[in-house]
Amino acid sequence: MNATSLFYLAAVYLSFHTKTCFCLAPFSQMLVLPLKTQELQSGSFPRSPNKLPFHHNVTLTVSLTVGTPPQNVTMVLDTGSELSWLQCNTTRVTQPTFDKNRSTSYSPINCSSPTCTTRTRDFSLPASCDPNNLCHATLSYADASSAEGNLAADTFNFGGSDIPGVVFGCMDSGFSSNSDEDSKTTGLMGMNRGSLSFVSQMSFPKFSYCISGFDFSGVLLLGESNFTWLTQLNYTPLIQISTPLPYFDRAAYTVQLEGIKVSEKVLPLPKSVYVPDHTGAGQTMVDSGTQFTFLLGPAYSALRNEFLNQTGKILRVLDDPNFVFQGAMDLCYLVPQNTTSLPQLPTVSLMFRGAEMSVSGDRLLYRVRGEVRGNDSVYCFTFGNSELLGIEAFVIGNHHQQNMWMEFDLQKSRMGFAQVRCDLAGQRFGVYH
């Protein structure tokens with residue numbers, strides 16, 4: 001697979017409705033936002049270097065105002081990125097921009113500031129000084145494009161409440177893209193565990209989201225989420241390391257995968273297969289920005305073989321070695337086009353330290369649009385081999401998080417999840433009908 005096809009991204013975004021319900025209280029409490037999915041064309045948004053360059057991605061978009069007087073911006077909310085940034089090159093006529101010269105509260109950050117010297121330590125490229133002694137950041141992306149600009153602070157406004165002094169990147173360079181969707185986004189809001197991510201700057205103790213598998217609506221909560229109606233969550237610790245390693249993303253939401261089972265059969269693999277090695281390769285990341293789930297070679301091969309064995313009598317395998325969905329998913333099936341429902345499939349369970357995530361039913365097979373063989377549609381197994389893409393990590397994607405309440409508890413350094421009806425959860429908050 002060549003580089004062009006590898007980076008041919010057909011992104012899926014979770015977007016906030018323009019009519020947003022902010023149940024706004026002090027930020028130690030909770031913000032509630034409605035979500036919906038929207039499928040975009042290829043190349044619509046660049047990916048940071050530690051994000052998998054798959055064809056489909058799920059992120060979030062939020063509309064807010066920045067600056068004094070306020071300017072409307074739309075930002076992609078990304079749990080896999082740290083630095084929030086806005087496009088500040090006002091000479092670009094095809095994309096919304098933030099005009100720093102119109103904001104009286106805009107404050108550039110000096111390169112000798114502790115914000116620049118210490119809080120940028122997790123950037124993929126170190127911050128530097130520009131000729132004006134301002135903190136300069138360069139962000140590189142998976143499609144070889146980049147963004148450059150200066151760090152600054154300004155007032156962000158959510159639902160009528162001002163948040164002064166939010167640090168972000170004011171970027172002067174643009175991104176090469178053919179998508180019309182560029183005309184709708186002004187920048188990106190980073191939500192990982194890095195020092196300068198939005199969730200870190202705001203000191204939210206936790207955040208949660210829930211994506212419906214029925215109508216692709218959902219809800220995002222920033223802050224506490226202890227509700228009597230919510231199913232008890234199963235928790236697994238978030239993994240942190242103090243020593244920088246070349247292939248370990250310390251700012252990612254990392255958990256410890258300890259095993260995989262198909263139905264009740266545990267794959268016969270040693271636990272060491274799931275543990276990062278001395279370089280950091282092999283971490284398990286939970287990422288709302290990747291659609292499917294990808295496993296390192298040995299685990300993927302064992303899962304593929306066992307699932308194939310258990311479905312041999314109920315499904316017909318697509319025998320085409322030249323067809324590999326998204327460059328990493330090589331187990332596909334032929335299903336008659338007039339089929340209204342798939343046969344009962346064996347459940348695949350991801351066994352984490354202290355918790356399990358079960359994937360069943362329609363979430364196990366994905367119909368590939370446009371792929372028809374005779375009278376059959378092509379359905380592919382929704383687990384892939386990350387090594388086929390040159391990625392040395394396990395990644396749990398959003399497709400397997402549908403109808404799961406996903407809680408990122410930063411205060412207690414743990415992640416909780418449980419199966420729920422996300423469409424009903426959204427209705428409880430009144431964020432959509």
**Asked** Would you say the side chain of D330 lies within less than 4.5 Å of the side chain of R304, judging by non-hydrogen atoms?
**Response** yes
**Request:** Taking atom types as modelled, find out whether T382 and H400 have a side-chain donor-acceptor pair closer than 3.5 angstrom.
**Result:** yes
**Nearest non-hydrogen partners of P298 and V273, listed with the distance** = CB-CG1, 4.3 Å
**Message:** Please report whether the ring centroid of F156 lies less than 6.0 Å from that of F168.
**Reply:** yes
**Request:** For residues 343-354, pull every pair meeting side chain to side chain donor-acceptor pair (under 3.5 Å), keeping only residues two or more places apart or in separate chains.
**Result:** E258-R353, S349-S358
**Request:** State, with a plain yes or no, whether a side-chain heavy atom of L331 is found less than 4.5 Å away from one of F325.
**Result:** no
**Prompt:** Taking the side chain as C-beta and beyond, is there a heavy-atom pair between T284 and I396 under 4.5 Å?
**Reply:** yes
**Request:** Verify side chain to side chain contact (heavy atoms under 4.5 Å, CB included) between V66 and N157, making sure each step is shown before the conclusion.
**Result:** CA-CA 6 Å; V66 177; N157 183 290; over 6 Å; no
**Message:** Under 6.0 Å between ring centres: does that hold for Y379 and Y333?
**Reply:** no
**Item:** Side chain proximity check, P336 to R316, heavy atoms < 4.5 angstrom
**Value:** yes
**Message:** Is the distance between the ring centroids of F292 and Y366 under 6.0 Å?
**Reply:** yes
**Item:** Nearest heavy-atom neighbours spanning L188 and S81
**Value:** CD2-CB, 3.9 Å
**Prompt:** Hey, are N150 and D130 close enough side-chain-wise for a donor-acceptor pair under 3.5 Å?
**Reply:** yes
**Prompt:** Shortest non-hydrogen contact from Y235 to E407?
**Reply:** OH-OE2, 2.8 Å
**Request:** Return each pair, listed once, that meets disulfide bond (SG atoms under 2.5 Å apart) where at least one residue sits in residues 327-407; pairs must be two or more places apart or across chains.
**Result:** C332-C380
**Item:** Exceeds 12 heavy-atom contacts within 6.0 angstrom, atom CZ of F123
**Value:** yes
**Asked** Does a donor on one side chain and an acceptor on the other come within less than 3.5 Å for Y300 and S386?
**Response** no
**Prompt:** Is there a side-chain contact between F198 and M75 (heavy atoms, below 4.5 Å)?
**Reply:** no
**Message:** So which atom in L83 and which in A137 form the shortest heavy-atom distance, rounded to 0.1 Å?
**Reply:** CD2-CB, 4.4 Å
**Item:** Where L345 and G361 come nearest, the two heavy atoms and their spacing
**Value:** CD1-O, 3.8 Å
**Item:** Within the 6.0 Å centroid threshold, strictly below: F394 and F294
**Value:** no
**Fill in**
Of all heavy-atom pairs linking K261 and V266, the shortest is CB-CA, 3.7 Å
**Prompt:** Any chance the side chains of Q401 and Y209 put a donor and an acceptor closer than 3.5 Å?
**Reply:** yes
**Request:** Determine, for R373 against E371, whether the closest basic-nitrogen to carboxylate-oxygen distance falls under 4.0 angstrom.
**Result:** yes
**N375 side chain near N338 side chain, heavy-atom distance below 4.5 Å** = no
**Asked** So M406 and M357, side chain to side chain contact (heavy atoms under 4.5 Å, CB included) or not? Walk me through it.
**Response** CA-CA 11 Å; M406 304 292 297; M357 178 183 289; 4.1 Å; yes
**Request:** List for me each residue that meets salt bridge (Lys or Arg N to Asp or Glu O under 4.0 Å) alongside R193, sequence neighbours excluded, and say none if there are none.
**Result:** none
**Message:** Within the 3.5 Å criterion, strictly below it, is a donor on S263 or Q310 matched to an acceptor on the partner's side chain?
**Reply:** yes
**Message:** Does D362, at its CG atom, have more than 12 non-hydrogen atoms belonging to other residues, nucleotides or ligands within less than 6.0 Å?
**Reply:** no
**Request:** Examine the side chains of Q87 and T186 and answer whether a donor and an acceptor come within less than 3.5 Å of each other.
**Result:** no
